[in-house]
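Below: one structure, written as structure tokens.
The figures that follow rest on heavy atoms only: side chains count, while hydrogens, waters and symmetry mates do not.
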Amino acid sequence: MTALLLALPWAALPVFLFAWVRMPRELPSGQLRDADTPLVSVIVPARNEAANIETCVGSLIASTYPSFEVIVVDDDSEDDTGSLARGLGRGTAQRVEVVDGRPLPAGWLGKPWACWQGYRQAKGALLLFTDADTMHGPDLLTRAVAGLEDERADLLTVVGRQLMETFWERLVQPQVFLTMLFRFPRFEETAKSPRWRDAIANGQYILIRREAYEAIGGHEAVRDEVVEDLAIAQHLKRAGLALRVRAAEGDLATRMYRSLGDLVAGWSKNLVTGGLQSLPRWLRPVAPALTLLVGLGLWLVPPIVLAVSLLGVAGGAWLVWSASVCALSVLLWAVFTRQMGAPARYGLLYPIGAAVGAFIFLRSWLKGRRVAWKGRRYELPPVSERP
């Protein structure tokens, strides 16, 4: 009985996930009057995106929205990103421009610099910043503009679905996203909070009014931020402007990483930094160690105890406890992985995913201010200097 009582915290986790977590509402269907169709400048920062750029831009230029332009900023790519983008035509866009990015200035990170250059070429009253690894449904831009007006927002960020096609994507991505939900379990409601530190944005899709963007200093204000989407949202909230979050599961898809190496490198650059930026200064010194210990205790200690118990090293009570906890954990991860679009059977392998997730988190923590991504190396300002 005692062993089963000790398993209650793990029984509470599915309750948290299914009873407390709330995903954002879907965007409206997108019925717009002619007066509600301002020019939208779609800005795509792209560095070494030859594998993605044709799919991304091809989906953008098929939009049914009546008034938009696409600006691709080829950020000194070492592959065929620029030439592939130039070969796509303009589709339904008023124009498609591929900008050759200028050399990276001191004090800037690559993505903010590319976004800033795109903004300087943009003509639209609305600016859409979207990543090169995204795919857009033809009605998405119309729905997003309708959502911006419906919410009376200055910035609308849209959450879509994550594409996971390989073994490691399906195993690791749910680990990272569930961790985020512990910090932001109801991020549509949280975005409306008056507390600026609760701001959150999805850099894969940020639609912002030009006047709001310019009022907060645009990407120049976050030029040294590795989690620039979160920083933009925080600047917006601190300026008293309206931030909103909505969903478009059927119209926005992103495949962030394609291999285990990409997963490790990609999440290592910003996982801990992003988490710390959303926390008050007094909590930052202890948060990484506490998060790592909790993660190890929740997901790795029980299967280790179960294995030891099955070998006869530990007593029967430990076997009952660890078996109960592991069964609950498999159920949780199976359901959550299925919700993210991968087969539920990957829940059986959650200890492997948790081990990789713990490694990524530890690597991100130990790297600290040193960031490497797509052939560039950066030295970030100390976290203690962040607001």
Side-chain angles (χ1 to χ4, degrees), residues 3-21 23 161-185 254-268 270-272 274-275 288-311 313-314 317-365:
L4 293 176
L5 288 174
L6 291 175
L8 285 178
W10 283 263
L13 289 173
V15 175
F16 163 80
L17 182 62
F18 304 121
W20 180 248
V21 171
M23 298 307 292
R161 69 187 186 278
Q162 297 296 317
L163 300 179
M164 301 174 294
E165 299 183 11
T166 65
F167 172 83
W168 290 111
E169 290 172 89
R170 293 170 174 175
L171 204 59
V172 177
Q173 290 288 69
Q175 295 280 337
V176 176
F177 281 93
L178 184 60
T179 301
M180 292 180 182
L181 284 179
F182 281 111
R183 173 62 181 90
F184 296 101
T254 308
R255 188 176 182 192
M256 297 178 65
Y257 306 116
R258 295 172 178 263
S259 68
L260 178 59
D262 286 347
L263 282 161
V264 172
W267 284 120
S268 292
N270 59 14
L271 188 59
V272 170
L290 184 61
T291 302
L292 184 61
L293 288 173
V294 169
L296 293 174
L298 283 174
W299 312 124
L300 289 180
V301 170
I304 291 172
V305 172
L306 178 60
V308 170
S309 299
L310 291 172
L311 291 173
V313 177
W318 285 109
L319 177 61
V320 173
W321 172 79
S322 58
S324 302
V325 167
C326 287
L328 289 167
S329 299
V330 166
L331 175 63
L332 172 70
W333 285 110
V335 173
F336 186 69
T337 301
R338 185 68 187 90
Q339 286 183 334
M340 286 195 63
R345 63 179 179 270
Y346 281 84
L348 293 167
L349 302 176
Y350 83 88
I352 301 174
V356 175
F359 171 76
I360 291 172
F361 187 92
L362 182 62
R363 187 172 186 263
S364 181
W365 182 20

For residues 329-339, which side-chain N or O atoms pair as donor and acceptor with protein atoms under 3.5 Å away, sequence neighbours left out?
unit_1 : atom_1 : unit_2 : atom_2 : d
Ser329 : OG     : Val325 : O      : 2.9
Thr337 : OG1    : Trp333 : O      : 2.6

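For the residue pair Leu306 and Cys326, the shortest heavy atom distance occurs at CD2-SG, 3.9 Å. Of all non-hydrogen atoms in Ser322 and Leu319, the two that sit nearest each other are OG-O, 3.3 Å. Shown here for Trp10 and Pro302, the closest heavy-atom pair between the two residues is CZ2-CG, 4.0 Å. Shown here for Pro174 and Met340, the closest heavy-atom pair between the two residues is CA-SD, 3.5 Å. Nearest heavy-atom pair across Arg170 and Ala342 is CG-CB, 3.7 Å. Across Leu300 and Pro351, no two heavy atoms sit closer than the pair CD2-O, 3.4 Å.
We find the CG-CD1 distance between Leu263 and Ile360 to be 6.0 Å, quoted to the nearest 0.5 Å. Rounding to the nearest 0.5 Å places CE of Met23 at 6.0 Å from CG of Leu181. Rounding to the nearest 0.5 Å places CH2 of Trp299 at 8.5 Å from OG1 of Thr179.
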Exercise for the section: Show your working on side chain to side chain contact (heavy atoms under 4.5 Å, CB included) between Val264 and Arg363 and close with a plain yes or no. Expected result: CA-CA 9 Å; Val264 172; Arg363 187 172 186 263; 3.8 Å; yes
Exercise for the section: Dump the intermediate steps for side chain to side chain contact (heavy atoms under 4.5 Å, CB included) on Leu260 and Val356, then the final yes or no. Expected result: CA-CA 9 Å; Leu260 178 59; Val356 175; 4.0 Å; yes
Problem - Derivation and outcome, side chain to side chain contact (heavy atoms under 4.5 Å, CB included), residues Leu271 and Val176 - result: CA-CA 9 Å; Leu271 188 59; Val176 176; 4.0 Å; yes
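At least one side-chain heavy atom of Leu362 sits under 4.5 Å from a side-chain heavy atom of Leu292. The side-chain heavy atoms of Phe16 and Phe182, taken from C-beta on, include a pair separated by under 4.5 Å.
A search for side-chain hydrogen bond (donor to acceptor under 3.5 Å, both in side chains) contacts involving Thr254 returns Gln204, not counting sequence neighbours. For the side-chain hydrogen bond (donor to acceptor under 3.5 Å, both in side chains) test, residues two or more places apart in sequence or in another chain that qualify with Trp267 are Gln173. In this structure Arg183 satisfies the salt bridge (Lys or Arg N to Asp or Glu O under 4.0 Å) test together with Asp198, sequence neighbours excluded. By the side chain to side chain contact (heavy atoms under 4.5 Å, CB included) test, Phe167 is found to be paired with Leu171, Tyr346, Leu349, residues two or more places apart in sequence or in another chain being considered. Not counting sequence neighbours, the partners of Arg255 by the salt bridge (Lys or Arg N to Asp or Glu O under 4.0 Å) test are Glu165, Glu169.
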